[in-house]
Amino acid sequence: MEELNDQYLQRRKKLDDLKAQNVDPYPNKFVATFNSVRIRQQFGHLQQEAEDPTVVVLAGRIMTMRLMGKACFANLKDASGRIQIYVRKDKIGETEYALFKTLDMGDIIGVEGMVFCTRTGELTIMVQKFTLLSKALRPLPEKWHGLKDIETRYRQRYVDLIANDEVADIFRVRSKAIKTMRRILDEKDFLEVETPMMQPLAGGAAAKPFITHHNALDIDLYLRIAPELYLKRLIVGGLERVYEINRNFRNEGISTRHNPEFTMIELYQAYADYNQVMDLCRELITAVVKECTGKLEVEYQGNNLSFDGDWKRMTLLEAVKEYAGVDFITPKTMGETKKIATDLNVQFTDQDTQYKIINTIFEECVEKKLVQPTFICDYPTELSPLAKNAKGNPDIVERFELFIGAQELANAYSELNDPLEQRKRMEQQLKQRERGDEEAQMLDEDYLRALEHGMPPCGGLGIGIDRLIMVITNSASIRDVILFPQMRPENV
RNA sequence: GGGCCGUUAGCUCAAUGGUAGAGCAGAUCCCUCUUAAGGAUAAGGUUGGAGGUUCGAGUCCUCUACGGCCCA
């Protein structure tokens, strides 16, 4: 434990004094009849200096105190907002008032009293009785500037939430966004399911997994990088429409847009293809934007994003042509491709295929320009081992990714349901893995067995929830939309 | 992994290489419509850590920890 400062010691002394006076500083419960927002709703009409005889009871944390001799104004904060209280010696009596004066900012109290409106027009509770509900031993951050230090804000999110009112708003939006998606999918008869987080094979995406160990079984398990292969097993099983909202884990770097654990919604719809999934994707995101912001325009990091109407749709090669200025629609030789990449300062290895290099050009030169919602379609087969080929074109799959604010937000395809083709693709992946590509996928025999039982045609979609929340809350860093982002451990 | 920036009182921030300061919070006192309440007094620091240069280091150098931003 760090060294105790003067303020901590002061509060410890007050705590001891309270106990000596038989005041319980941590009582078991308190029944409130109101919260701050309901008080505003019910009594907001009160004119200046008017009062209402209704007795209200509410609880909250003392955020500010203005002590004036025999009377004190304070502000309480609860989950719904802040409300002013007014405590007067002549109303609560000498002993109680003396006790009130020993309270500190940060203490949690319950109050009972009547609502009135001050001369300056602020709705206030005239306290008749108060109860200490929890003594705070640590001081609050600066009341005007709040808690600014980014490291402390992430490490001690509880202090961040107490001191900076707008932080909770982000997480209310997050909750609302997820509820909206659930509601829409439930209306469409999707079944919400839970599939393993610990998997014997980490499949469904190109990413490095975390490894853990099960002692009783004495086997290594991977934290999942995606739920895809399990959800599609459920499609084989006949559930037809399933979705899961949960964490994925990827053992990669941490940045403003990557957290090792992040939240995805994945959904699969039997008998649909990627075009239908594209409509569903747009419907979901549009509804979330509308529900959370009230409009279809969003200000994101200096750009005005419009979610109204149809969203731009282009193929990968069209996007590379338009935004990187290089035309791969007319076929190029490998030599030409490498020269173009070199000219664009895009790095590649000798083992990279042509499409791999084009994809890298896309990632480096195009993604950052995809600010407005844009569907990129028709990905190369070799980079999409779980997606179904476009009709009559073995090089291209029916797949799209959605980009918003220069970030990949969603990924979807018509799911590959040909078990023999899938085996071939997984064997190719395995070869790449053996050549040292750590992100190439593993061969999952049980998944192939499932496909051999017959999976209906199916469209699948994954949406990165954290990034979606970043967009609708105009957050620059993924850490601002994750309550407890991953940090290097501190020395406490 | 590389580059740049940051780390000073509980919090928010100052301080040409020359006595580490302010506001808020805390303490004591005054104050019954304040709201960043006000007034008075006193107190609060191993300047992230370890070395080095210097008569003298918060400031310059090296290493290191943590964080931020950018690049890979």
Side-chain angles (χ1 to χ4, degrees), chain A residues 1-15 17 36 46-51 61-77 81-94 97 100-107 115-127 135-156 158-160 162-165 252-258 301 344-349 360 363-365 367-368 406 475-480 485-492:
Chain A
M1 191 168 179
E2 76 252 51
E3 222 170 292
L4 301 177
N5 66 48
D6 176 52
Q7 298 197 49
Y8 187 92
L9 294 173
Q10 283 288 347
R11 288 175 182 232
R12 273 301 300 270
K13 184 177 173 300
K14 287 180 179 178
L15 187 66
D17 292 346
S36 63
L46 286 178
Q47 298 292 309
Q48 283 171 22
E49 298 192 68
E51 67 175 335
R61 189 186 295 275
I62 301 173
M63 298 304 292
T64 60
M65 290 177 99
R66 295 171 290 282
L67 190 88
M68 300 167 299
K70 299 184 184 63
C72 179
F73 285 97
N75 284 85
L76 295 191
K77 172 173 171 159
R82 295 185 186 220
I83 190 93
Q84 180 168 262
I85 63 169
Y86 188 32
V87 181
R88 290 169 52 142
K89 190 176 184 177
D90 60 0
K91 298 274 183 188
I92 66 168
E94 195 152 340
Y97 192 74
F100 186 85
K101 282 207 288 187
T102 70
L103 295 181
D104 289 296
M105 288 189 276
D107 290 352
V115 180
F116 76 107
C117 186
T118 65
R119 271 173 219 160
T120 49
E122 177 150 354
L123 211 58
T124 302
I125 297 166
M126 178 68 81
V127 174
K135 181 72 192 167
L137 295 179
R138 291 174 183 267
L140 292 177
E142 222 264 359
K143 66 184 170 193
W144 185 243
H145 298 94
L147 178 64
K148 282 268 207 299
D149 185 81
I150 294 177
E151 186 175 348
T152 311
R153 286 189 48 221
Y154 295 151
R155 286 193 195 279
Q156 301 178 38
Y158 39 92
V159 182
D160 191 27
I162 293 168
N164 303 328
D165 288 348
E252 291 159 5
I254 295 177
S255 75
T256 46
R257 35 185 75 181
H258 298 88
Q301 304 298 300
L344 289 170
N345 211 12
V346 168
Q347 293 187 344
F348 54 88
T349 69
T360 312
E363 285 173 359
E364 308 242 329
C365 308
E367 281 189 12
K368 58 186 171 213
S475 301
S477 169
I478 198 168
R479 295 179 204 103
D480 294 324
Q486 197 57 242
M487 305 280 277
R488 213 179 274 273
E490 62 172 336
N491 298 316
V492 181

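Protein chains get the first letters and strands the later ones, always in sequence-line order, with residue 1 at the start of each. In what follows, every heavy atom counts, from backbone to side chain, and hydrogens, waters and symmetry copies are set aside.
- Base pairing analysis places B:rU53 opposite nothing; no Watson-Crick or G-U wobble pair with both distances below 3.5 Å involves it.
- Rounded to whole Å, the P atom of B:rG21 lies 13 Å from the corresponding atom of B:rG58.
- Atoms NZ and CE, on A:Lys89 and A:Met68 in that order, are 14.0 Å from each other to the nearest 0.5 Å.
- Checking the phosphate oxygens (OP1, OP2) of B:rU35, no side-chain nitrogen or oxygen of A:Arg82 falls inside 4.0 Å.
- Listed nucleotides B:rG10, B:rG67, B:rU34 differ in distance to A:Thr118; the shortest reach to its side chain belongs to B:rU34.
- Here A:Tyr86 pairs with nothing under the side chain to side chain donor-acceptor pair (under 3.5 Å) rule; sequence neighbours left out.
- Of all nucleotides listed (B:rG67, B:rU34, B:rC31), B:rU34 comes nearest to the side chain of A:Phe73.
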Please tabulate the protein-to-nucleotide N/O contacts below 3.5 Å involving nucleotides 70-72 of chain B, giving atom names and distances.
residue	atom	partner	partner atom	Å
B:rA72	O3'	A:Gln347	OE1	3.4

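- Here A:Gln84 pairs with A:Arg66, A:Thr124 under the side chain to side chain donor-acceptor pair (under 3.5 Å) rule; sequence neighbours left out.
- Scored by the side chain to side chain donor-acceptor pair (under 3.5 Å) test, A:Lys13 finds A:Asp17 as partners (sequence neighbours excluded).
- Taking the side chain of A:Lys14 as heavy atoms from C-beta on, and the options B:rG26, B:rC69, B:rU32, the nearest nucleotide is B:rG26.
- Dashed line: the shortest gap from a side-chain N or O of A:Arg12 to OP1 or OP2 of B:rG26 is not under 4.0 Å.
- In the interface, the side chain of A:Gln7 is paired with the base of B:rA25 through a donor and an acceptor atom under 3.5 Å apart.
- Remark: A:Thr152 engages A:Leu147, A:Asp149, A:Gln156 in a side-chain contact (heavy atoms from CB on, under 4.5 Å) (not counting sequence neighbours).
- Across all strands shown, A:Lys70 has heavy atoms under 4.0 Å from base atoms, whether or not it also approaches the sugar-phosphate.
- Which of B:rU34, B:rU12, B:rG26 sits closest to the side chain of A:Thr120 comes down to B:rU34.
- The base of B:rU34 sits within donor-acceptor range of the side chain of A:Gln84, with an N or O pair under 3.5 Å.
- Base-pair partner of B:rA22: B:rU12 (Watson-Crick or G-U wobble, both distances under 3.5 Å).
- A:Asp149 comes within 4.0 angstrom of the backbone, heavy atoms only, and of no base.
- Contact annotation: A:Arg488 side-chain N/O to B:rG67 OP1/OP2 distance is under 4.0 Å.
- Every residue meeting the side-chain contact (heavy atoms from CB on, under 4.5 Å) condition with A:Gln48, not counting sequence neighbours, appears here in chain and number order: A:Cys117.
- Side-chain atoms of A:Thr124 and base atoms of B:rU34 include no donor and acceptor less than 3.5 Å apart.
- Nearest nucleotide to the side chain of A:Met68, out of B:rC33, B:rA27, B:rC11: B:rC33.
- The heavy-atom pair separating A:Thr64 from A:Met105 by the smallest distance is CA-SD, 3.6 Å.
- When Watson-Crick and G-U wobble pairs are counted only if both distances are under 3.5 Å, B:rC66 pairs with B:rG6.
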